[in-house]
Every structure is written in structure tokens, then in C-alpha cells.
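Computed from a predicted structure; not experimentally measured. If you read the sequence from its start, that first residue is 1, and numbering goes on from there.
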Amino acid sequence: IAGPLGALVGGLLSDRVFGARRMPASILALFLLGAFMMVFRHLPATPLAVGSGLFLIGFLIYIPDSLVSGTAAIDFGTKRGASTASGLVNGCGSLGQIVGVSMPGWISKVTGNTADIWGPIFASLGVALLVAGVLLLPQWNRRPPELKGA
């Protein structure tokens, strides 16, 4: 429920609040998610807190995912290059997924099975999300070509 809801809210923000600019909603979601990932481990270990935290993670991650890999790739890839742009963005996302799911195994192998690996993992994911937001900052005001005069 969180992911599709995040994609819908991100699209509405992009179209209605930011005037068809895709990056502001994406950047804000990345910054919020990056900050939240750094404090996620410190939530109370209750079903409500963990469930709410996971809902927020799903909600926030789908905003840039849907806007950058879908809408923005089509907007800026033009009609001729939209498929290539979308494939490139999704391909990079797939590589990130491979690294992301492998990270806990690599870290536990290096540190030993008794070490608490989750603090560094959540911190590094938070830093990676903040870096992604910073890398997108130069695109903040970018609008689809057909809307530049609007």
C-alpha cells in the first residue's frame, strides 16, 4: 500500500505543486528517506513503530523511483530516446539492488557473525540516499521540454 500511495502522492506533488517538475518531489523524498534511514534503528521495537517505519520507507522510496525511472525518463528522453532513458535508469537501479541485498552478507563476513551490522548498513544507506538527492539538485528546476514556455 505504501509504495503505490507514495507514487501517487509524488505524481500529484510533481504536477500540482511543482508545475510538472519531477525533481523537487524526488529530491525531498530522498533527503527525508536518507535522514529517516539513519534513525530507523533507534525506533522502539514495537510492531506499530516498526510497521510505521517500514510504511514510511516504502512510501518515500517510491516517489523518486516512479518519478525518476518512469516519468522523468520519458519527459527528458524525448519520444525517440524514452525507452533508452528508462532502460538506463532502471538498469542502474537494478545494479543498486544487487549491491544493496548483498551488503549485509559482505559486512557480516568481514566483521564476523556476532557483530551488529545493522547500524553501519542503515547509516550507509542513509548516506547513499542523501548523495543521490545532492546529485539530483542541479536538476531541481528542470521541466519537460514541451512545458518550458508554460
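Across every non-hydrogen atom of A49 and P44, the tightest pair is CB-O, 3.3 Å. Nearest heavy-atom pair, P64 versus A29, reported as atom, atom and distance to 0.1 Å: CD-CB, 3.7 Å.
With values rounded to the nearest 0.5 angstrom, S52 atom OG is found 8.5 Å from L43 atom CG. Distance check, rounded to the nearest 0.5 Å: OG of S26 to CH2 of W140 gives 9.5 Å. Rounded to the nearest 0.5 Å, atoms CE (M23) and CG (L67) are 7.5 Å apart.
Scored by the side-chain contact (heavy atoms from CB on, under 4.5 Å) test, P138 finds no partners at all (sequence neighbours excluded). With sequence neighbours excluded, the residues that form a ring-ring contact (aromatic ring centres under 6.0 Å, His included) with F122 are F40. Residues meeting the side-chain contact (heavy atoms from CB on, under 4.5 Å) test with P4, sequence neighbours left out: none. Shown here are the side-chain contact (heavy atoms from CB on, under 4.5 Å) partners of L56, two or more places apart in sequence or in another chain: F36, L60. With sequence neighbours left out, A2 forms a side-chain contact (heavy atoms from CB on, under 4.5 Å) with F55, F59.
Identified under the ring pair (Phe, Tyr, Trp, His ring centres under 6.0 Å) test for residues 79-108, with sequence neighbours left out: none. Applying the salt bridge (charged side-chain N to carboxylate O under 4.0 Å, His left out) test to residues at least two apart or on different chains, none of the pairs has a partner in residues 48-63. Listed by first and then second residue, the salt bridge (charged side-chain N to carboxylate O under 4.0 Å, His left out) pairs that reach into residues 94-104 come to none, sequence neighbours excluded. Within the structure, the salt bridge (charged side-chain N to carboxylate O under 4.0 Å, His left out) test picks out no pair touching residues 54-64 (sequence neighbours left out). Residue pairs meeting the salt bridge (charged side-chain N to carboxylate O under 4.0 Å, His left out) criterion with at least one member in residues 120-139: none, sequence neighbours excluded. The side-chain hydrogen bond (donor to acceptor under 3.5 Å, both in side chains) pairs that include a residue from residues 31-45 are R41-D116, where partners are two or more places apart or lie in different chains.
Screening I61, L28, I63 for a side chain to side chain contact (heavy atoms under 4.5 Å, CB included) with L33, the sole residue that qualifies is I61.
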Before you tell me yes or no, could you show the steps for V127 and M37 under side chain to side chain contact (heavy atoms under 4.5 Å, CB included), namely the whole-Å CA-CA distance, both residues' side-chain angles and the distance that decides it to 0.1 Å?
CA-CA 9 Å; V127 168; M37 290 301 275; over 6 Å; no

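Note: the hydrophobic cluster containing V17 also contains I27 (ILVMFWY, side chain heavy atoms under 4.5 Å, direct or indirect links). Residues I1 and Y62 share a hydrophobic cluster, clusters being chains of Ile/Leu/Val/Met/Phe/Trp/Tyr side chains in contact below 4.5 Å. A single hydrophobic cluster is not seen to contain both V99 and V68; linkage of ILVMFWY side chains at heavy-atom distances under 4.5 Å, directly or through other members, places them apart. Under a hydrophobic-cluster definition in which Ile, Leu, Val, Met, Phe, Trp and Tyr are linked whenever side-chain heavy atoms come within less than 4.5 Å, directly or via other members, V110 and I121 are assigned to different clusters. Two different hydrophobic clusters hold I117 and V101 under the rule that ILVMFWY side chains link at heavy-atom gaps under 4.5 Å.
The backbone N or O of G10 sits nowhere less than 3.5 Å from a side-chain atom of S14 that would complete a donor-acceptor pair.
The pair D15-R21 fails the salt-bridge criterion, with no side-chain N (NZ, NE, NH1 or NH2) lying under 4.0 Å from an Asp/Glu carboxylate O.
If you chain together ILVMFWY residues whose side-chain heavy atoms come under 4.5 Å of each other, L12 ends up grouped with L8.
Remark: L95 CG is packed, more than 12 non-hydrogen atoms of other residues, nucleotides or ligands lying under 6.0 Å away.
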